[in-house]
Amino acid sequence: MRAKQISLFEVGARDGLQNERAVPLEAKIALINALAEAGVKRIETGSFVSPKWVPQMADSQAVFAGITRHTGVRYSALTPNMQGLAGAIDARADEVAVFASASEAFSQRNINCSIEESIERFIPLIDKAKQLNLPVRGYVSCTLGCPYEGEIAVSEVVRVSEILYKLGVYEISLGDTIGIGTPDKARNMLKAVAEKVPVEQLALHFHDTRGQALANILACLDTGVSTIDTSVAGLGGCPYAKGASGNLASEDLVYMLHGMGIETGIDLLKLAHAGHEISRVLGRPSGSKVALALGKPE
Ligand code: HMG
Ligand code: MG
């Protein structure tokens, strides 16, 4: 049964900006504040990862310190290990997220360790977060394919998701990291995971590299999934990987959901304006078709 209400988990300031050329601190803070003003309730605000690996996120501590916190909004941080958790605690993040992969090769390239080693690292992190009443989200990458291994077995996606779930992660976000999936494949993957993890605790995180993300999400809605990760203005896309692109644009999802009578609590025009502004800083048009159709503010 389709959810009547969908919760957007906005990843533009993290997943998007980690893959764009560096933007000034003030622009990041303005973006996050504008997203909250638009009614977005869950905002991934930064990541506490090695600045050598992802220099674009090196100022996450300052971003958390600079934002105006809105009541009812949860500001989250990506944390790969205990050092990252310490950073998130200092920053007063409302929740943290660990990230694992369904692909061994991607795990090595992304976090320099095997899937099993990454899970070993998450155990003390989740324990400590629990002591502090800090909710922990979990990502599983490469659920519909891997840039290094190609096809990924659905059984592997289910296995890693179930491990994270049993460790106490409150929500598992299923990533089509390279936007390679198509609708039937996406729905089948989600249904398989939902046999082991309640669908209420699953989220979709589809990159739009091949223009399939909206169709893939639509194909999944009948499962009852009610959390979707998106990136305002479709921010993202790796400067080093030709053709790579960001998550589905938040504006495009909101437009579709509202058109279907599904509530998000988000003001589409304000959201689109937030996207236009950060796109201006990046020196290019918004990556959202809906935002382009709505036009820029006068
Ligand atoms: P490593 O080199 O194996 O780590 O990296 P290490 O423990 O051996 O430490 C090496 C150095 O890194 C040390 O510094 C540590 O202090 C430092 P040095 O002594 O050389 O000066 N270090 C840290 N610094 C800051 N914060 C930390 C931290 N940890 C160690 N938390 C590590 C392992 C995980 C740190 C590294 O591989 C890394 O930072 N990777 C980040 C990768 C990343 O951020 N990828 C993008 C996010 S994932 C994603 O986008 C996918 C997702 O969107 C879902 C999807 O689309 O599928 C979530
Ligand atoms: Mg991602």
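First listed ligand is number 1; within each ligand, the first listed atom is number 1.
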Is K52 in contact with ligand 1, taking contact as a heavy-atom separation below 4.0 Å?
-> yes
Strictly under 4.0 Å, does any heavy atom of P51 approach an atom of ligand 1?
-> yes
Atom 8 (O) of ligand 1 protein-contacted (non-hydrogen atom, under 4.0 angstrom) | no
Do the charged groups of E95 and K130 touch, with an N to O distance under 4.0 Å?
-> no
Which segment of Y139 sits under 4.0 Å of ligand 1 when only heavy atoms are counted | side chain
So does R109 pair up with E104, basic N to acidic O under 4.0 Å?
-> no
Vertex the Mg ion (ligand 2), arms to H207 NE2 and D15 OD2, rounded to 10° | 90°
Before signing off on this row, confirm whether R121 and ligand 1 have an N or O atom pair separated by under 3.5 Å.
-> no
What do you reckon, is CZ of R92 surrounded by more than 12 foreign heavy atoms closer than 6.0 Å?
-> no
Full working for salt bridge (Lys or Arg N to Asp or Glu O under 4.0 Å) between K191 and D222 | CA-CA 10 Å; K191 279 186 170 169; D222 282 342; over 6 Å; no
Could you tell me whether F99 atom CZ has more than 12 heavy atoms of other residues or ligands within 6.0 Å of it?
-> yes
Looking only at non-hydrogen atoms, the one of L144, V49, N110 nearest atom 40 (N) of ligand 1 is N110
Side chain, backbone, both or neither: which part of V54 has a heavy atom under 4.0 Å from ligand 1?
-> side chain
Taking heavy atoms and a distance under 4.0 Å, where does N247 meet ligand 1: side chain, backbone, both or neither?
-> neither
H207 heavy atoms, cut-off 4.0 Å: which ligand 1 atoms fall inside?
-> 56 (O)
Closest non-hydrogen protein atom to atom 30 (C) of ligand 1, residue and atom name please, with distance?
-> Q83 OE1, 3.3 Å
Proximity to ligand 1 by part of P80, non-hydrogen separation under 4.0 Å = side chain
List every atom of ligand 1 that sits less than 4.0 Å from any heavy atom of L78, numbering the atoms from 1 in the order shown and giving each element.
-> 47 (C)
Check each of H205, R14, Q56 against atom 58 (C) of ligand 1 and report the one with the nearest heavy atom.
-> R14
Should R121 and E117 count as an ion pair when the cut-off is N to O under 4.0 Å?
-> no
Pi-cation contact, Y170 with R74 (under 6.0 Å, within 45°) | yes
Return the residue, atom name and 0.1 Å-rounded distance of the protein heavy atom closest to atom 50 (O) of ligand 1.
-> Q18 NE2, 2.8 Å
Could you tell me which atoms of ligand 1, counted from 1 in the order shown, lie closer than 4.0 angstrom to a heavy atom of S141?
-> 51 (C), 54 (C), 55 (C), 57 (O)
Would you tell me which option among D15, N112, I111 has the nearest heavy-atom contact to atom 1 (P) of ligand 1?
-> N112
Measuring to protein heavy atoms, does anything land under 4.0 Å from atom 28 (C) of ligand 1?
-> yes
Numbered atoms and elements of ligand 1 in range of G84, under 4.0 angstrom, heavy atoms = 31 (N)
Can a protein heavy atom be found under 4.0 Å away from atom 4 (O) of ligand 1?
-> no
